[in-house]
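Heads up, the thing below is written out as structure tokens.
What you see is a predicted model; the values in this text were computed from it and never measured. By convention here, the first residue in the shown sequence is residue 1. Every heavy atom of this structure was used, including side-chain atoms; hydrogens, water molecules and symmetry mates were not.
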Amino acid sequence: MARYALTQDLLQKVRTQRDAGDNCQFAIDNPRGLNIRVRNGDAAYYIQARTKLRGVKSVVVKRRLAPVGALSFSDVKSIAGEAILAIKEGRNVNALLGARLTGKRGQEVAVAVDRAEAIDRQLWTFEELITAYTTRTKKKGTADEQPALRASSITEIESRLRDRPENTELNKRFVKEIRLEDLEEVRDRIDASGSGPSAAAKYVELAQRVLRWGLRQRRRFTGLEPDNQWWEVLSHDYEMGDRSGRYLTPSQIGMLLALLEAVRSLGGTTNDAVLGALQVAWMIPQRSAALVNMRALGSDRWADDPAPGREGWRIYTWLAKDVKNKRSIKLSIPPLGTEILKRVACYSGQVLQSVSQWAFPQDRNRYVIRLHADGTGTSSVPAHLDKAITPSALNHALDALGGRRDGWPDLLSIVGLPSRIGPHDLRRSLSTFFENVGLGAYASALLDHRVTGVDAMSREVAAITQGVYTAADRVVLKAEALSLWLSAVLPECEKAKSDPRLAVALEARKASLKSDRTDSIPLATEANTAIAATSVANPGKRSRTV
């Protein structure tokens, strides 16, 4: 077959043949597979190439590019070359042509092709990949089947990766079409959001972890390729500094507790569960994830402490799957702590009009949850809506107190506290206090660091408590430590309530609340919008007044 160079002379010959009503074809020498066809008065560029398809030995794929004269010679050759290669590689040539013929180039074309192939193959979106990673199990199909990740790890991935507002749009994208620049853009938006210096770094770390798993374990669902692990190039600027000096004295913790209670009494938009969690965090020195995922007082995780002198104290058990060190933990919590939990439960019950399984429940879906309530206030929150607050909520609340939230003054500095405080600083504060008074064993027990040996307890206490917990649980030593800690902090809290700096901080907060109310959308409008939207989605559900 004769082959022709793509020149103006050839196009003139094509037009002559077309006008004469001839049917003919001209094979182009570069690129091979491009030709011009004249049929029934139409002259157009076509491509063809041979490819292999599943279950088929070999087929020839043909596609029409454009009418002769519609594209420049360079565009014809470029588009044809890319399309022919796509056919040979078994890629989606229709998507490629659709993108190239509408002016897209380079990465835009590659993304369009990947998106089309992801649709054809029903591949996972980024959100589906994250969900598959967090819900996978060990010993699948056996009686001993269990989650592969701890509850705290799942919470971290959900709150700091999947549910980040900056990641919302990326969640909807197919994993196959995501590019390095997409994750970098989300990272930079998180960095600029004021969520803290480590937020973007944690996003990067978790995204890379999930994508690695998607490549190694679920490649046929993600479409990721071993020779293109582009996410490994993703980086961040954050470096954790020395935090050993970040702790509060009992006097400072007393002031923080007084400030939290004073701010809570003023109202505002902060969920009382968040403030309640911060108020008990200094008594329940667990890591943030374990703290916020505590079950409500009515669950079987709670038991009365039978030890003499601790009437009203209640023992809470964290299962091994709930905590970082993967072993069960028990802690006897004083009445002051359980009173705060009761207050949070009462507040959440009023807001949600139903009962949550969590000690510190979210209220962001309050209007939808109310639609499921039976009107008695005793129904359970639907499982798919019943969620605990996240560890990041504690950080956000402390950031707000430190003035790192729009419209909030720096209340922490006003009352003489460091402007940057994190939940983990409370654990460090407790450890520093006991080490400074030569009682490091108490800190070790409360922080649940591993030790050898068994703590001593009196025969009387041992006889009463051995049916509830063992010496290895160290509940007795923890309770003794907590009693000392309470006696150091509570007097300072009472003293702080009359500190003039607290009054100044409250006036500053009142002014910001007044400004918030002036500038914000009325809550009723927001509530009615949510109810209307839910009513459309659930037409058979009777609406309730919020």
Side-chain angles (χ1 to χ4, degrees), residues 1-123 173-179 181 219-220 223-228 230:
M1 176 187 292
R3 295 190 176 276
Y4 300 84
L6 189 57
T7 63
Q8 289 295 341
D9 289 341
L10 176 62
L11 292 193
Q12 184 57 50
K13 184 175 182 179
V14 167
R15 294 186 182 102
T16 300
Q17 297 283 77
R18 178 196 63 193
D19 295 342
D22 293 339
N23 291 333
C24 55
Q25 179 170 313
F26 300 88
I28 307 302
D29 64 356
N30 184 27
R32 293 291 181 97
L34 172 64
N35 57 74
I36 299 175
R37 294 182 187 176
V38 180
R39 293 287 187 277
N40 302 320
D42 176 61
Y45 293 109
Y46 282 78
I47 58 162
Q48 68 179 48
R50 189 173 294 277
T51 187
K52 290 185 178 179
L53 299 176
R54 293 178 183 176
V56 181
K57 270 192 174 184
S58 177
V59 295
V60 174
V61 176
K62 302 177 182 181
R63 290 293 184 273
R64 185 180 190 274
L65 288 189
V68 167
L71 300 173
S72 67
F73 287 166
S74 61
D75 283 344
V76 169
K77 291 182 177 181
S78 173
I79 295 173
E82 292 177 26
I84 291 168
L85 181 61
I87 293 173
K88 291 179 178 179
E89 293 180 346
R91 307 298 303 277
N92 192 311
V93 67
N94 294 333
L96 184 144
L97 290 175
R100 287 294 273 119
L101 293 173
T102 54
K104 292 183 174 62
R105 293 178 177 273
Q107 183 162 288
E108 287 184 311
V109 176
V111 169
V113 172
D114 283 343
R115 182 183 303 120
E117 292 180 356
I119 294 172
D120 289 342
R121 295 166 57 186
Q122 297 183 327
L123 299 180
R173 302 269 300 276
F174 293 104
V175 175
K176 187 172 178 60
E177 66 174 306
I178 295 175
R179 296 298 189 268
E181 293 79 2
R219 181 181 167 191
R220 66 190 180 95
L224 296 173
E225 297 295 339
D227 58 351
N228 186 23
W230 51 266

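- Between the CD1 atom in I28 and the CG atom in L10 there is a gap of 5.0 Å [rounded to 0.5 Å].
- Annotation: the span from I79 atom CD1 to L97 atom CG amounts to 7.5 Å, rounded to 0.5 Å.
- For the atom pair K13 NZ and I36 CD1, the distance stands at 11.0 Å (nearest 0.5 Å).
- Taking each heavy atom of A80 and L34 in turn, the nearest pair found is CB-CD1, 4.0 Å.
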After noting the C-alpha distance and the side-chain angles of V61 and Q48, does the key distance pass the side chain to side chain contact (heavy atoms under 4.5 Å, CB included) rule? CA-CA 5 Å; V61 176; Q48 68 179 48; over 6 Å; no
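- C24 and R39 make their closest contact through O-NH1, 3.1 Å (heavy atoms, listed as atom of the first residue, atom of the second, distance).
- Side-chain contact of N94 with R63: a donor-acceptor pair under 3.5 Å is present, judged by distance alone.
- Here R91 pairs with D114 in a salt bridge; the nearest charged N to carboxylate O distance falls below 4.0 Å.
- Residues I87 and I47 have side chains in contact (heavy-atom distance under 4.5 Å, counting atoms from C-beta outward).
- In this structure, CG on N23 lies 10.5 Å from CG on D42, to the nearest 0.5 angstrom.
- In this structure, CZ in R3 is found 8.0 Å from CG in D29, a value given to the nearest 0.5 Å.
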The test is side chain to side chain contact (heavy atoms under 4.5 Å, CB included); show your working for L6 and N30 and say whether it passes. CA-CA 8 Å; L6 189 57; N30 184 27; over 6 Å; no
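- Side chain of N35 to backbone of Q25: no donor-acceptor contact under 3.5 angstrom is found.
- In terms of heavy-atom proximity, G90 sits nearest to E117 at O-OE2, 4.5 Å.
- At least one side-chain heavy atom of R100 sits under 4.5 Å from a side-chain heavy atom of E82.
- Across all non-hydrogen atoms, the minimal contact from V38 to A43 is CG2-CB, 4.2 Å.
- Dense packing is recorded around CD of E181, with more than 12 heavy atoms of other residues, nucleotides or ligands lying under 6.0 Å away.
- Residue F174 comes nearest to A118 through the heavy atom pair CG-CB, 3.4 Å, listed as atom of the first residue, atom of the second, then distance.
- A salt bridge is absent between D120 and R115; no separation between the charged side-chain nitrogens and carboxylate oxygens falls under 4.0 Å.
- Side-chain contact check for F26 versus R37: every heavy-atom pair is 4.5 Å or farther apart.
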Does the pair L96 and V109 meet the rule for a side chain to side chain contact (heavy atoms under 4.5 Å, CB included), with working shown? CA-CA 6 Å; L96 184 144; V109 176; 3.9 Å; yes
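- R105 and S78 share no side-chain donor-acceptor pair at under 3.5 Å.
- R179 and K176 get closest at one heavy-atom pair: NH1-O, 3.2 Å.
- Considering OH of Y45 and CG of D75, their distance stands at 10.5 Å, rounded to 0.5 Å.
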